[in-house]
Amino acid sequence: MRTRVTELFGIEYPIFAFSHCRDVVAAVSRAGGMGVLGALYFTPEELEIELSWIDEHVGGRPYGVDVVMPAKYEGADLGDASELLARLQSMIPERHKRFVEDLLAEHGVEPLGDEGAGKALLGWTDATGRPQVEVALRHPIALLANALGPPPVDVVEQAHAHGVQVAGLASNARHARKQVEAGVDIIVAQGTEAGGHTGDVSTMVLVPEVVDAVGEDTIVLAAGGIGRGRQVAAGMALGADGVWTGSIWLTVDEADTPERQRDKLLRATSRDTVRSRSWTGKPARMLRTAWTEAWESEKSPGPLPMPLQFMLISDALRRINRSGDGELATFPVGQIVGSMNQVKPAAQVVYELMSEYVEAIERLNAITAAD
Ligand SMILES: Cc1cc2nc3c(=O)[nH]c(=O)nc-3n(C[C@H](O)[C@H](O)[C@H](O)COP(=O)(O)O)c2cc1C
């Protein structure tokens, strides 16, 4: 199969797989697609280890790295990472801390032991995202992606100086145009169906809008709700050069998704997700559970702006996951979760996407030929 992205990256299939799991990234790239590692959860030292592992296991195939450097966040003017963390922590209201503690107590979730503090701030500020970019550019990556707005112009320039293509996620046409102005090469037009941070326009409406807005010279990937070959065909029919997927890799063999979480995903239907600000402060699609409902309830103090909300709740999430509380536990996932009913190797998922894509195209060709 040949599209602009298969040519650009030397890949067999125009299928991009976002995952926080290195095994999935390497497996998809080896299968002929392109794995993209989400760097968010890794310190620069950990990221170095993950990328070195991928370098050894990807069989010389191209892969990418995804960082989260939001264009707007609370405390953007507060200096370097160490200073930033303390200053931000002082901005979290007691009322919010009490709400979280009361919610966990209501569900009998135990406090953390002495396993140490979690990674409250993660990569989603400029100060914490940049060291990740520096590590990523020391590896033979083919693509640097950024979520939540255009990456800083100097980061785009650094990537280009290393011969690395830059992709940006966009959930509306105006943002897509801004990304192109900032030098981004590839726009991931991500519809509201998607897992994780997402806008409110559906993939079906968004992709042609973005394709038209950015013009012929910019490559567009369709994202959000893609988990079957028919959806790949739909994305291509809407004008995209390829597809960008996330949720479906959470339940493949290689994924490091904890078993309890995986079982919950396998059981969920396409109606079991909600767009909620209760995870990071920005709307993100995730499983609808007692956690998301509590943040919508009358008692809720309302989520804090990014990055304060995740700083507030990161230890609570660890406690919930450790306790195995089935009611509160939630994770980012898209509406395609309703089709994720079986655990398969990542390579099989890639091949099934492509074979169903071919069937869909043949079906359409047959319809046209019948005229
Ligand atoms: C568990 C999960 C975590 C995600 N985290 C990120 C992230 O850190 N950075 C990012 O650019 N996109 C992130 N996304 C969004 C994906 O890159 C992708 O755009 C989205 O999953 C596509 O929609 P789909 O879930 O319907 O396949 C995440 C998605 C999921 C499911």
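Counting starts at 1 for both ligands and their atoms, in listed order. Because the structure is predicted, anything quoted here is derived from the model rather than measured.
Selection from A223, S247, A145, A222 by nearest heavy atom to atom 31 (C) of ligand 1 gives S247. Nearest to atom 9 (N) of ligand 1 by heavy atom, out of V333, L37, D66, is D66. Remark: among candidates F18, F16, F331, the nearest residue to atom 6 (C) of ligand 1 is F18, based on non-hydrogen atoms. Looking at G168, A147, A194, G334 and measuring to atom 23 (O) of ligand 1, the nearest heavy atom belongs to A194.
No heavy atom of G38 sits closer than 4.0 Å to any atom of ligand 1. Heavy-atom distances between H20 and ligand 1 reach below 4.0 Å in at least one pair.
Between H20 and F18, the ring-plane angle classifies as perpendicular under the 30° and 60° cut-offs. Between F16 and W244, the ring planes are parallel. Angles under 30° get that label, and only those over 60° would be called perpendicular.
Between the OG1 atom in T292 and the CZ atom in R275 there is a gap of 13.5 Å [rounded to 0.5 Å]. Atoms CG and CG, on D241 and L221 in that order, are 7.0 Å from each other to the nearest 0.5 Å.
A donor atom on one side chain and an acceptor atom on the other are found under 3.5 Å apart for S52 and E48. Side-chain atoms of T192 and R285 include a donor-acceptor pair closer than 3.5 Å. Side chain to side chain, S270 and Q335 fail the donor-acceptor criterion of an N or O pair below 3.5 Å.
At a threshold of 4.5 Å between non-hydrogen side-chain atoms, the residues L8 and T3 do not count as touching. At a threshold of 4.5 Å between non-hydrogen side-chain atoms, the residues R130 and M69 count as touching.
W295 has its ring centre less than 6.0 Å from the ring centre of F99.
Looking at W244 next to ligand 1, an N or O pair under 3.5 Å apart turns up. In terms of N/O distances under 3.5 Å, ligand 1 is not approached by L40. Taking distance alone, with nitrogen or oxygen atoms compared against 3.5 Å, N146 stays at or beyond that limit from ligand 1. Taking any N or O of G246, backbone or side chain, at least one lies under 3.5 Å from an N or O belonging to ligand 1. Checked by distance only, ligand 1 and G225 come closer than 3.5 Å through their nitrogen or oxygen atoms.
Those atoms of ligand 1 that come under 4.0 Å of a heavy atom in L169, given as number and element, are 11 (O), 12 (N), 19 (O). Close approach of ligand 1 to T245 is summarised as follows: ligand atoms under 4.0 Å from at least one heavy atom of the residue are 27 (O). The G224 neighbourhood of ligand 1 comprises atoms 22 (C), 23 (O), 26 (O), with distances under 4.0 Å to a heavy atom of that residue. Contact atoms of ligand 1 toward Q190: 15 (C), 18 (C), 19 (O), 20 (C) (distance under 4.0 Å to a heavy atom of the residue).
Contact annotation for V68 and ligand 1: only side-chain heavy atoms (C-beta onward) come within less than 4.0 Å of the ligand.
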